[in-house]
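Only one structure is covered here, and it is reproduced in the block below.
Each residue takes its place number in the sequence, starting with 1. Everything quoted here is computed from the prediction, not taken from an experiment. Both counts, for ligands and for their atoms, begin at 1 and track the order of listing.
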Amino acid sequence: MDADHLSVRLATVADYVPMGSRLADIGTDHAYLPVNLAKRGKIAGGVAGEVVKGPFENAQHEINKEGLSDRITARLANGLQAIEADDHIDTVAIAGMGGTLIAQILTQDFDRLAGVNRLVLQPNVGEKNVRQFLMTHGFQLITEKIVTEDGHDYEILVADRADDPQQYNAEELRFGPYLLAEHNAIFMAKWRRELARTKQVLAQVQSAKEVPAAKVAELTAEIKEIEEVLQRVGA
Ligand code: SAM
């Protein structure tokens, strides 16, 4: 992968960055996403934020190499602290991290999202934490995508600011309201795999000398929930 050839995962994130927007890509690593979007004329400019020095230097190098330093600023900063009022950021992308970390980053400096209307988020795991953040912080999911690449599944969640975002139930938070409604082949395969994995964990837990009852109850409930969804939408 490079800025001219994004992975399917990052290309899907790029698809949902609005034309002409000012983007902050938080946890940018090589800055492939903002550089790709700027080279294609899709973003007017923005910020590439990174908390670790090595990746930050990679981002800076990439931006300079492509002659984009007048449009994209690399900043060494923790999460949304990379965004300054003068940047006029209207779109934030956070990709390739756990959902808990993404929700934490967004919550920690929430005031930095003041001018932001669109969030494009790609959690590697823990997607429900991201959906929970969105519906409790004035952002409405407008679509969800699931893509598969190199044996991994990735969910991309897109949300716009809203006064009264829809409140989702536990099932929708876990499976994703849009992904659940579409239940395409990638979604079905993901949850069949997750079901098998959870059953395996339950078997291991049950074979322990002292069986932890709470864990067994939790895993059993999880299995029941996945089986119910797969039966309902797979029928
Ligand atoms: N966003 C790129 C992508 O999706 O391909 C890179 C993903 S990489 C796995 C995650 C990056 O996020 C790492 O470079 C890491 O240093 C950075 N990161 C983790 N926590 C961060 C934080 N609190 N603020 C900014 N960057 C962070």
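- Ranking the protein heavy atoms by distance from atom 7 (C) of ligand 1 puts Ala95 O, 3.6 Å first.
- When each atom of ligand 1 is checked for a heavy atom of Ala77 under 4.0 Å away, the hits are 24 (N), 25 (C).
- At most 12 non-hydrogen atoms from other residues, nucleotides or ligands lie less than 6.0 angstrom from NZ of Lys128.
- Gln206 CD: more than 12 foreign heavy atoms inside a 6.0 Å radius.
- Electrostatic pairing of Lys199 and Glu227 counts as a salt bridge here, judged by a charged N lying under 4.0 Å from a carboxylate O.
- Of the residues listed (Ile72, Asp25, Ile89), the one engaging Val47 in a side-chain contact (heavy atoms from CB on, under 4.5 Å) is Ile89, and it is the only one.
- In this structure, the protein non-hydrogen atom closest to atom 16 (O) of ligand 1 is Glu50 OE1, 2.8 Å.
- In terms of protein heavy-atom proximity, atom 2 (C) of ligand 1 is closest to Gly27 O, 3.4 Å.
- By the 4.0 Å N-to-carboxylate-O rule, Glu62 lies close enough to Lys65 to be salt-bridged with it.
- With a 4.0 Å heavy-atom cut-off, ligand 1 is reached by the side chain of Met97 but not by its N, CA, C or O.
- Distances shorter than 4.0 angstrom occur between a heavy atom of Arg9 and an atom of ligand 1.
- A salt bridge links Asp4 to Lys39: at least one charged side-chain nitrogen sits closer than 4.0 Å to a carboxylate oxygen.
- Contact annotation for Ile105 and ligand 1: only side-chain heavy atoms (C-beta onward) come within less than 4.0 Å of the ligand.
- In terms of polar-atom proximity, Gly49 is not counted as a contact of ligand 1, lacking any N or O under 3.5 Å from an N or O of the ligand.
- Nearest heavy-atom pair across Lys190 and Ile146 is CD-CD1, 3.8 Å.
- Among protein heavy atoms, the minimum distance from atom 27 (C) of ligand 1 is reached at Val51 CG1, 3.5 Å.
- Proximity to Leu10 (heavy-atom distance under 4.0 Å) selects the following atoms of ligand 1: 4 (O), 5 (O).
- Using a 4.0 Å cut-off between charged nitrogen and carboxylate oxygen, Arg174 and Glu194 do not count as a salt-bridge pair.
- Every atom of ligand 1 is numbered from 1 in the order shown, and the set under 4.0 Å from a heavy atom of Val52 is 16 (O).
- Neither the backbone nor the side chain of Ser7 comes within contact range of ligand 1; no heavy atom lies under 4.0 Å.
- Within the model, atoms CG of Asn117 and CG of Asp160 stand 7.0 Å from one another, a figure rounded to the nearest 0.5 Å.
- Nearest protein heavy-atom neighbour of atom 9 (C) of ligand 1: Gly96 O, 3.3 Å.
- The heavy atom nearest to atom 22 (C) of ligand 1, considering only Gly79, Gly54, Ala59, is found in Gly79.
- In terms of N/O distances under 3.5 Å, ligand 1 is approached by Asn78.
- Phe133 and Ile94 end up in the same hydrophobic cluster when Ile, Leu, Val, Met, Phe, Trp and Tyr side chains are linked at under 4.5 Å.
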